[in-house]
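To start, the structure itself, in C-alpha cells.
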Amino acid sequence: MKIAVCVKQVPDTWAEKKLRSDDSTLDREAADGVMNELDEYAVEEALKLQEAHGGEITIITMGPERAGETVRKALSMGADAAVHLVDDSLHGSDALATSYALATILTGRDFDLVFFGSESTDARMSVVPAMVAERLGVAQLTFAQKVDVDGTSVTIQRVTDYGFETVVANMPAVVSVVEKINEPRYPSFKGIMAAKKKPVETLSTVDAGLEGSQLGLAAAWTVVEDFAARPPKAAGTIVTDEGDGGVKLAEFLATQKFI
Amino acid sequence: MLFTSEHDQFRQSVRQLVEGEINQKADEWEDAGIFPAHELFPKLAAIGALGLEYDPEYGGGGADHSFTVVLAEELGRADVGGVPMAIAVQTGMATPALARYGSDELKREYLAPTLTGELVCSIGVSEPGAGSDVAGIRTKARRDGDDWIINGRKMWITNGTQADWICMLVRTDGDSGYQGMSMIIVPTDSAGFSIGRKIKKMGNNSSDTAELVLDDVRVPVRNTIGEPGQGFQMQMSQFQDERLWISYMAVSGARRAIDRTKEYLQVREAFGKPLLANQYLQYKLAELVAEIDILQGFLHHTAARYVAGENVTRAATVAKLKSGRLSREVADACVQFHGGMGYAEEMWVARYFRDCRLGSIGGGADEVMLRIITMMEDMGKPQ
C-alpha cells in the first residue's frame, strides 16, 4: 500500500503568533517551527497501517527551507521518503493555492491513501484535505477517529457533533484525522539516525510543474485588510453574593450569551 | 561538545516524553510513593532511552556518550526527581558493568530485556553498615558447587520493591578491604530474597527505595559479572557513569529551576513592581546562572573527553561534588524568592528543594568526593 502524508510546519502552538506588518502574512520567524500537532496523528496512523499492511509512506510538505525540520521529524517517526516543495513564490499562498500545489505533487504519484491532520493550528480552516480530494477527483473522508483498510476500500468513523458516522470509500482516497485516533509515537534515537539516510526530494514550483499565477499572496482569494494586536486583558466582573449570587451569575452569563 | 541536529531532535523527543508520560503523572506517583516502572520503562525503551550506548547486539543504540548527556539533561528537567533517578539507575548505574564485563549469555538473559523495559533492575551496593565506604560491605556469597549462597542486607535500593534483578556487590572472599568482592546478578524471585521494608524518605518520593534481605539466596555462579574478585574495580568504573548521570541531571534541573523562578518573579509584584525588578534578586540569580554555565561547560567538556576514550574519573568526581552543592544553593534561593509559595507543597519549589538534596549524598557523598580528590592530589589518605 502506498500512503502519502501531507504535513505542515506551524509556529509553536504555545508561542504568541504575530502577523507581519509589511504584507499581513504570518510571521514565521517570530516563533519556533514545529510539526502541526494533528499532522503527527496523521503520520502515526499511516505508520500503523504500514505495520499492518506493508507498503511505503511518503511525506509531502510545502513551506520554507526551515520546514525541512518537520520533514525530518516525520521521517524519524518512521516514514520512508519525503517531497519538500520550497520556493519563495509560495509565500502568502491561501488554502486554494496550497491545495493546488499539493494536488499537483500528488498527481501521477500513485497513492492509495493521502493522510492529513484535520486542521493546522495556525490557519485552522480544515479545508485543504477536502480541496485536495476534489482536485484529485477522489473520495474525501474527513475528521476520522478510526481508519480501517480492507482490500480496495477504506472505512472511517467520521466524528460529528453528536457521535460518529461510518463512511466507506474505494481507494485512492483522502483521509483527514482528529486527535482521538491514536497516540503519536515519539521519534526514537534509531529513527532519528535512520532519517538522515532517507531520501528527501526538494522541488521548486517550476520542478513541480506549477503555474506561478495560481500561487502566492497575489493569487490569494482572501485578503487581510487590517489587523490589530490583541487588546490587553480587561479586568473581570466580580459577582458578590448577597443572597442573590446565583441570579446575578445567571444574568451575567445570559448577557455574555453563554446561556 | 558539539551537539548536532540529531542531538536536538533526540532532545525534543525526550522532552515530549517527559512532559507526556512523567510530568502528567508526577503528583499521583509522589503521593503513591512509587511509580509503575514496568509500565513506564517500555515507553522509554521505545525511543531508545534505556540503552543508548549499549551494543545493538543486545538491543542498544550504539550511540556515543554525547546522547546520554542529552537524555540525562532532559530527564533532569522533569517536574519530579524520583522518576528520573529510577531511570538513571536502570540505564546508567545498574547496567554499565554488565554491558562492559558480562558474558554473552548473561547479557542476553538480563541486559537485553532490561533495555526493552521488560525487566526492571537495581544496583545493590550500600548496606545498613556501609554506604559511601564501599570497602565496608558485609553481604557474603559462599560458593557451593556451581552456585553462590548469599547472606546479608542491602540498603537504599532504588527500584528495590519492583526490581526483577539486582546488580549486587558482595564479598566472595575475606572479611574486609577492597579485595575479594564480586558483582553478581541476583534475581528477585530467588528463594530467600525478600524486601525488608520500603523506606520513607525526605524527597524523591515517587521512587521506591527498599532495604533488601538475603537469607541463603542461591544463584548460579554464571551470574557473576566478569571475574570473581573484581567487583570493587567494576563498581568503581560503574560509579563514574553514575556520578556523571547525577551531575548532568542536577545542572539541567538547576537551570530549569532558575528559569521557573524568573517567570514567577516576573509576574509576582511587591511594592508596585515585579519582584524581578529588584536588583538584589537579579544579581543573586545572575550569580547562580554564572555557576551553572561554568559547570555545564565543564560537564560538556568532560563528556567530550569521555567520548574520546579518556579517563574522566577525576572530572566525574569534581562534577558530582560541585553539582550537588550548586543544586542545593539554587534550590534554597528558589524557595526563598518564592516566599510563602516556596514553602507550600502546591508549588514545584518545595519538591525540588527536597529532591535535589540527595545530590550531595547519593552516588557517594560530598565527603567521599572530597576524599577522592584529596588522594588524587597526593595529600595522603584522609584519616
Side-chain angles (χ1 to χ4, degrees), chain A residues 7 9-16 31-41 43-44 47-48 51 59 61 64-79 82 84 121 179-198 200 232-233 235, chain B residues 3-25 39-75 78 87 91-92 115-117 259 263 267:
Chain A
V7 301
Q9 188 178 54
V10 296
D12 190 343
T13 318
W14 303 106
E16 192 184 337
D32 287 341
V34 298
M35 191 196 298
N36 178 47
E37 198 178 329
L38 279 164
D39 298 349
E40 293 187 21
Y41 294 82
V43 174
E44 178 65 33
L47 290 167
K48 285 182 147 182
E51 281 159 14
I59 300 301
T61 200
E65 201 173 325
R66 196 169 72 153
E69 297 162 7
T70 287
V71 168
R72 283 284 158 214
K73 178 163 186 184
L75 293 175
S76 65
M77 287 173 78
H84 183 180
T121 54
E179 77 286 352
K180 287 179 189 166
I181 196 163
N182 56 43
E183 277 293 322
R185 67 196 66 189
Y186 308 106
S188 70
F189 170 74
K190 283 181 183 168
I192 289 165
M193 300 314 275
K196 283 166 71 176
K197 301 187 186 98
K198 291 178 178 174
V200 178
K233 215 172 179 179
Chain B
F3 290 127
T4 64
S5 69
E6 284 74 37
H7 291 84
D8 296 342
Q9 289 172 60
F10 185 61
R11 187 181 291 282
Q12 208 53 43
S13 239
V14 181
R15 190 169 292 191
Q16 281 186 349
L17 187 143
V18 166
E19 184 52 42
E21 310 293 341
I22 298 176
N23 289 350
Q24 301 288 331
K25 297 176 187 148
E39 274 176 39
L40 179 66
F41 285 0
K43 292 175 183 171
L44 285 146
I47 66 161
L50 294 186
L52 275 177
E53 290 181 62
Y54 296 137
D55 188 346
E57 180 71 24
Y58 305 100
D64 71 31
H65 186 69
S66 60
F67 282 92
T68 297
V69 177
V70 170
L71 172 63
E73 285 183 345
E74 286 308 311
L75 290 173
I87 296 164
T91 181
L115 301 190
T116 63
D259 288 341
E263 281 168 23
V267 295

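Order of the sequence lines fixes the chain letters, A, B, ..., with proteins taken first and strands second; residue numbering starts at 1 for each chain.
- No more than 12 heavy atoms of other residues, nucleotides or ligands lie within 6.0 Å of NZ in Lys180(A), so this atom counts as exposed by the packing criterion.
- For Ala46(B), the part lying near chain A is the backbone, with the side chain staying farther off; criterion is any non-hydrogen pair under 4.5 Å.
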Side chains of residues 185-193 of chain A: which donor-acceptor partners sit under 3.5 Å, not counting sequence neighbours?
from	atom 1	to	atom 2	distance (Å)
Arg185(A)	NE	Glu44(A)	OE1	2.8
Arg185(A)	NE	Glu44(A)	OE2	3.4
Arg185(A)	NH1	Glu51(A)	OE2	3.0
Arg185(A)	NH2	Glu44(A)	OE2	2.9
Arg185(A)	NH2	Glu51(A)	OE2	3.1
Tyr186(A)	OH	Glu21(B)	OE2	3.1
Ser188(A)	OG	Gly191(A)	N	2.9
Lys190(A)	NZ	Gly60(B)	O	3.4

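- Separation of atoms CZ (Arg72(A)) and CD (Gln9(B)) is listed at 7.5 Å; rounding is to 0.5 Å.
- Listed options Ser13(B), Gly20(B), Ala63(B) were ranked by heavy-atom pairs under 4.5 angstrom with chain A; first place goes to Ser13(B).
- Taking 4.5 Å as the heavy-atom cut-off, the residues of residues 49-59 of chain B that approach chain A are Leu52(B), Gly59(B), ordered by number.
- Counting heavy-atom pairs closer than 4.5 Å to chain A, the top residue among Asp8(B), Val14(B), Ile47(B) is Ile47(B).
- Once rounded to the nearest 0.5 Å, the distance linking CD of Gln12(B) with CD of Glu69(A) reads 10.0 Å.
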